[in-house]
Structure formats: structure tokens, C-alpha cells
Amino acid sequence: IDESTINYLSNDSFVNPAEEGVESAQLDDNTPTISPYLFTSLKFNSEHELRWLIDRERLTQVCTEKMSSANTFEKPDNSFAKDIPIITNKKVDAFIRLYTKKKRDIFIKALERFPKYQAMISRILQEYELPQNLIFLAIVESNLNPKARSHANAVGLWQFMSRTGKHFGLSRSWWHDDRFDPVRSTIAAAQYLKYLHKMFKGDWELALAAYNSGSGTVRRAMRQAKRQGKNADYWSLKLPRETRGYLPAFYAVNLIFKDLKNYNLALTRQPEPEIKPKSLRLSGGVALKQLSKVLMLDHQHLLDLNPRLRLKGLTPPTQKQFAINIPQNLDLKPSQIKAIAELEKKRFKEWKIHKVKEGESLWSIARFYKIPMSQITANNYFKRKNFLKIGQKLMLPVPSDWTPPKLPSKTQLAKKDLESKPGVTTVHVVKKGETLWQIAQKYNVSIKKIKYWNRRVLKKRYLKIGTELVLKLPVTLASKLP
């Protein structure tokens with residue numbers, strides 16, 4: 001991942017209420033204990049009845065009666081299209097002060113990025129029949145930074161963890177990560193939010209809390225609250241520190257955007273039209289740098305259209321085919337289609353796959369292929385630093401037709417040494433039961449000479465069947481041998 005990837009919690013995020021002193025703020029006495037969404041969803045007989053319900057205790061009592069009288073929760077028509085009701089209290093006010101004063105510079109970055117992503121996020125939320133003001137959740141999550149990375153390794157515009165992202169269709173490998181793609185991650189976020197909204201029976205506050213800390217955490221907190229006889233709404237639950245500030249942060253961003261002028265803020269430009277690229281399927285292992293030359297496009301522009309490619313703009317070599325984005329108005333010419341086919345044929349010409357064998361190390365592999373270890377580590381994924389697994393496949397930056405040089409055997413080296421000396425050079429293959437003394441007697445040479453001539457071979461005290469021994473014999477003796 002490139003150096004511009006940042007830890008959004010340290011310098012480009014808002015949701016850390018405890019560190020900012022927001023945790024000490026308490027709810028107003030007049031803050032309703034029921035979710036605003038449930039309040040607007042319940043049907044009342046008349047305006048007179050609604051006014052009568054201003055009293056907090058009577059409100060809780062009547063809402064409980066109305067909910068218990070129905071078998072299932074009944075949401076109003078087109079409820080997904082309505083914005084999530086926004087409430088204000090001391091916690092929300094504290095976050096408003098935080099964003100507009102202490103972290104004002106960071107919030108201005110979000111205002112600068114907002115026009116770029118507004119049209120795309122708004123369209124996807126509409127397609128999934130979700131409230132439009134959920135767009136501000138991306139500001140709380142990543143400050144609209146698609147390269148943001150949290151301390152827990154949640155990444156992207158919507159801060160997906162790897163496992164959750166995979167559940168909602170965001171694949172990843174050493175070569176690519178869909179979580180960095182703003183469009184794909186927004187679609188996954190919409191699916192996840194709709195799933196949580198249904199799980200918590202229309203309560204957006206609980207759904208958003210679950211988006212931050214996980215549905216299991218929220219459900220456990222609800223069960224604990226019920227055992228203690230408390231209300232099981234967001235404001236009453238014992239949730240993790242960060243999650244307790246999550247909803248106030250979301251409400252604060254909503255309120256600031258509704259009245260930017262009041263906080264001496266403004267959007268820097270008008271919303272940009274959504275760029276909808278078209279898809280081009282390529283074989284794995286094709287470099288975007290080479291493709292940009294074929295398509296006559298700026299290399300950086302092609303990289304910007306494909307933010308999910310992680311390593312040097314290379315389509316994953318481990319996949320047979322991989323879809324990339326190209327400009328919508330780009331129509332491929334027959335010559336370009338042919339050139340792309342040639343790229344696909346030659347895609348592995350400069351790469352070789354090595355399967356790790358028992359006893360091998362990065363050092364031994366680097367020495368064998370005569371390449372620096374740094375090139376192996378830069379182009380391959382290791383779960384632990386420099387840790388190899390038997391059977392692991394490594395992509396090495398050497399030609400695919402590379403073969404190790406054929407080194408001469410020890411016998412060939414010995415034979416070469418003796419060629420320059422007078423006499424006939426012959427090779428004796430050790431048979432079962434033979435000793436050096438017997439061989440010396442057969443060829444009328446001393447054991448000392450046999451050992452010297454074959455010093456590279458005879459490093460052990462015993463002979464091995466099949467060992468080749470090089471001997472130098474006089475011409476007269478060699479002619480008598482069979």
C-alpha cells in the first residue's frame with residue numbers, strides 16, 4: 001500500500017469521543033428515551049393525542065402499549081426514503097464544537113472531498129432505498145478519504161474490516177483490495193446498513209451502533225440492559241467507548257451541513273457529476289503501465305480509475321481474469337484489441353513462479369536465481385516477515401523461460417584437470433564390494449594419486465557404489481584395458 005495511506009484515527013477522523021472529552025457530557029433531562037425513528041413510525045389517532053404525549057412518562061407508556069399491541073413492527077410507507085431523524089443534546093453539541101473548532105482543518109478536508117463523492121453515494125443510497133443523510137456517515141468513518149486505514153486495519157471510505165467486507169462482496173488479495181474502491185465499498189456499505197436496519201427492526205440508532213462495533217456487541221448490550229431492567233435503546237446501552245460517541249458524531253455532522261454558513265464554513269465547489277467508467281476484462285498479470293500505452297491514456301489516470309489494485313498497478317497474476325475500469329467514452333479499436341491480446345500472451349514473460357521446497361529460504365532462493373532478496377519480499381505476500389511455507393508460490397522478477405545454468409559435475413571438473421597431463425584419461429565406476437586398494441591394483445596406480453585426482457569426490461572415508469573416479473593411465477596400459 002502506498003505511503004499516502006494514513007491512519008485516519010490519528011489525523012483524519014473524528015470518532016474518538018473519549019480523547020476529545022465528549023464522554024463526560026450527559027444527556028439532557030428532556031432527551032426522549034425512545035428512538036426518534038420509532039416515535040415517527042408509531043401511528044397516533046389525532047393531533048390532540050400527540051400533544052398530550054409531550055409528558056415523557058406518558059409518551060413511554062403509550063408507545064410501549066402501541067408496540068405490544070402489534071404482532072410485528074410496522075414501518076411507515078417509503079420509510080427508507082426519509083432521512084434519519086436528527087436529535088440534539090449535550091454530546092451532539094460537544095461534537096459540533098469539536099468539528100468546527102478543534103478539528104476544523106480536518107472537517108474542511110471533508111468539505112473539499114464531498115462534491116467528488118456526493119453524486120455517487122447519493123445514487124447508491126437511493127438505489128437501496130436508504131436515507132440520503134447516511135452520506136454523512138462516510139465523513140464520520142473516514143473523513144471521505146478512500147485510502148484511510150484505522151488502527152484495527154479497517155480501510156476505505158466506509159472502513160470495512162476484511163472479514164465483514166468479504167461477507168458483502170469485497171474481495172482482497174496481496175494484489176488487490178476492493179475496500180479501496182469507493183463505488184464497490186459504498187455498495188457493500190449500503191447492503192450492510194440495510195441488513196442491520198432490518199436486524200434491529202427499523203431502529204437506525206441501534207443499526208448505526210452495530211455498524212461501528214458489530215451487531216453482536218449491540219445485541220449483548222441489549223440483553224444486559226434488559227436483565228437490569230433498563231431501556232434497550234442506544235442511549236441506555238453500555239457500549240464501547242468509541243461507539244458511545246458514534247451517533248452524536250453522526251448527528252453533529254448532519255447539523256453542521258444543514259447550516260454551514262452559521263459555522264463560517266462552505267462547500268468549495270458544486271457537486272461533480274459521477275464518473276461512471278466501463279469495465280474491461282483482462283488476464284491476470286497485466287501491468288496498467290503497459291496497458292496505458294496501448295490505450296493511449298495517462299498512466300496515473302488509469303491508476304486513479306482502479307484504486308483497488310495495490311501493487312504497482314498489476315492485475316492479480318493469481319486470477320485468470322480480472323475486471324478493470326477504463327473511461328466510459330473510450331472505444332477500443334481493432335488494433336488496440338490485438339495489442340491487448342499480445343500483452344496478455346506476454347504477461348508472464350518477465351515473471352517466473354517458484355514453488356517453495358523443503359529446506360529453502362529466501363536467501364537460498366535469491367542466491368539460486370541471482371536476484372536481491374528485497375525484490376522477492378516486495379513482490380510477494382508473507383503472513384509473517386520473511387516466513388516461507390512449503391508449497392508457497394513466489395512471483396520472481398526473472399524471465400519465465402529462465403533455467404538454472406548447467407554446472408559441470410565434480411567428475412567432469414576432475415577430468416578437465418587431467419586432460420592437460422600426458423597419458424589417457426579414463427573413468428572407473430565403483431562396483432559393489434570394490435575398495436580403493438583393489439582399484440589401484442587393477443590400474444597399477446597408487447591410492448594416493450587416485451585420492452588426489454578425485455579430491456572433489458572422495459571427501460568421505462568410504463566408497464559409494466556408482467561413484468565415478470577419474471584416472472590418468474599410461475598409453476600402453478590404457479590400450480590393454482577392455
Side-chain angles (χ1 to χ4, degrees), residues 1-16 106-107 109-125 127-128 130 134-196 207-208 210-215 242-243 246 249-250 253 272 274-277 279 288 303-313 315-316 322-325 381:
I1 298 172
D2 58 31
E3 293 179 358
S4 61
T5 301
I6 61 171
N7 186 328
Y8 82 103
L9 283 179
S10 63
N11 56 13
D12 202 12
S13 175
F14 306 122
V15 183
N16 203 345
I106 296 176
F107 196 84
K109 288 183 183 178
L111 292 175
E112 292 170 353
R113 295 165 181 159
F114 189 76
K116 181 178 181 179
Y117 299 108
Q118 182 181 1
M120 179 270 293
I121 298 176
S122 180
R123 172 184 64 81
I124 293 172
L125 292 175
E127 287 176 0
Y128 282 87
L130 291 169
L134 280 173
I135 190 172
F136 301 121
L137 196 67
I139 295 178
V140 177
E141 284 289 346
S142 66
N143 207 33
L144 287 175
N145 178 8
K147 295 181 179 180
R149 178 182 289 272
S150 77
H151 62 86
N153 273 333
V155 301
L157 207 63
W158 295 91
Q159 291 295 283
F160 272 99
M161 296 292 287
S162 176
R163 188 174 180 180
T164 309
K166 187 176 180 181
H167 185 75
F168 289 93
L170 299 177
S171 63
R172 66 182 292 269
S173 69
W174 170 241
W175 306 92
H176 83 292
D177 194 333
D178 286 348
R179 296 176 296 170
F180 287 110
D181 189 310
V183 177
R184 291 173 184 269
S185 62
T186 301
I187 291 172
Q191 293 172 348
Y192 190 24
L193 287 165
K194 193 159 187 176
Y195 167 78
L196 292 172
L208 294 181
Y211 186 89
N212 176 255
S213 62
S215 58
E242 185 178 308
T243 311
Y246 193 69
F250 173 68
V253 176
E272 298 177 9
E274 182 183 358
I275 299 173
K276 292 184 177 180
S279 183
L288 293 194
L303 286 174
D304 292 341
L305 287 174
N306 296 277
R308 62 184 182 139
L309 291 180
R310 299 173 65 185
L311 192 65
K312 299 179 182 179
T315 57
F322 189 84
I324 66 161
N325 294 328
Y381 170 70

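It should be emphasised that the depicted structure is a prediction, and the values quoted were computed from it without experimental measurement.
For N325 (side chain) and N306 (main-chain N/O), no donor-acceptor pair under 3.5 Å exists by modelled atom type. Side-chain atoms of T243 never come within 3.5 Å of backbone atoms of Y246 as a donor-acceptor pair (strictly under, hydrogens ignored).
For the atom pair NZ of K116 and CD1 of I121, the computed distance is 11.5 Å after rounding to the nearest 0.5 Å. How far CZ of R113 is from CD1 of I139: 10.0 Å, rounded to the nearest 0.5 Å. In this structure, CD1 on I124 lies 5.0 Å from OG1 on T186, to the nearest 0.5 angstrom. How far CG of L130 is from CG of L137: 11.0 Å, rounded to the nearest 0.5 Å. Here the straight-line distance linking atom CD of Q191 with atom CG of L193 works out to 10.5 Å at 0.5 Å rounding.
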- Item | Stepwise side-chain contact (heavy atoms from CB on, under 4.5 Å) check, N145 with L157 | CA-CA 6 Å; N145 178 8; L157 207 63; 6.0 Å; no
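For N212 against E242, the heavy-atom pair with the smallest separation is ND2-OE2, 3.2 Å. Across every non-hydrogen atom of P307 and D181, the tightest pair is CG-CA, 3.9 Å. Of all the heavy atoms in I106 and N143, the pair that sits closest is O-ND2, 3.0 Å. The two atoms that bring T315 and F322 nearest to each other are CG2-CD2, 4.1 Å, heavy atoms only. Residues S142 and G156 share a closest heavy-atom pair of CB-O, 3.5 Å. In this structure, P146 and F180 approach most closely via the heavy-atom pair O-CD2, 3.4 Å.
Applying the salt bridge (charged side-chain N to carboxylate O under 4.0 Å, His left out) test to E272 and every residue at least two apart in sequence or in another chain returns R269. E274 meets the side chain to side chain donor-acceptor pair (under 3.5 Å) test with R123; sequence neighbours excluded. Partners of D178 according to the side chain to side chain donor-acceptor pair (under 3.5 Å) rule, which considers only residues two or more places apart in sequence or in another chain, are S171, R308. Annotation: side-chain contact (heavy atoms from CB on, under 4.5 Å) contacts of A207 (sequence neighbours excluded): L196, W204. The ring-ring contact (aromatic ring centres under 6.0 Å, His included) test applied to Y211 returns Y192, not counting sequence neighbours. Under the side chain to side chain donor-acceptor pair (under 3.5 Å) criterion, S185 pairs with no residue at all, not counting sequence neighbours.
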Taking only distance into account, with no hydrogens and no angle test, what donor-acceptor pairs under 3.5 Å do side-chain atoms of residues 160-170 form with protein atoms, sequence neighbours excluded?
none

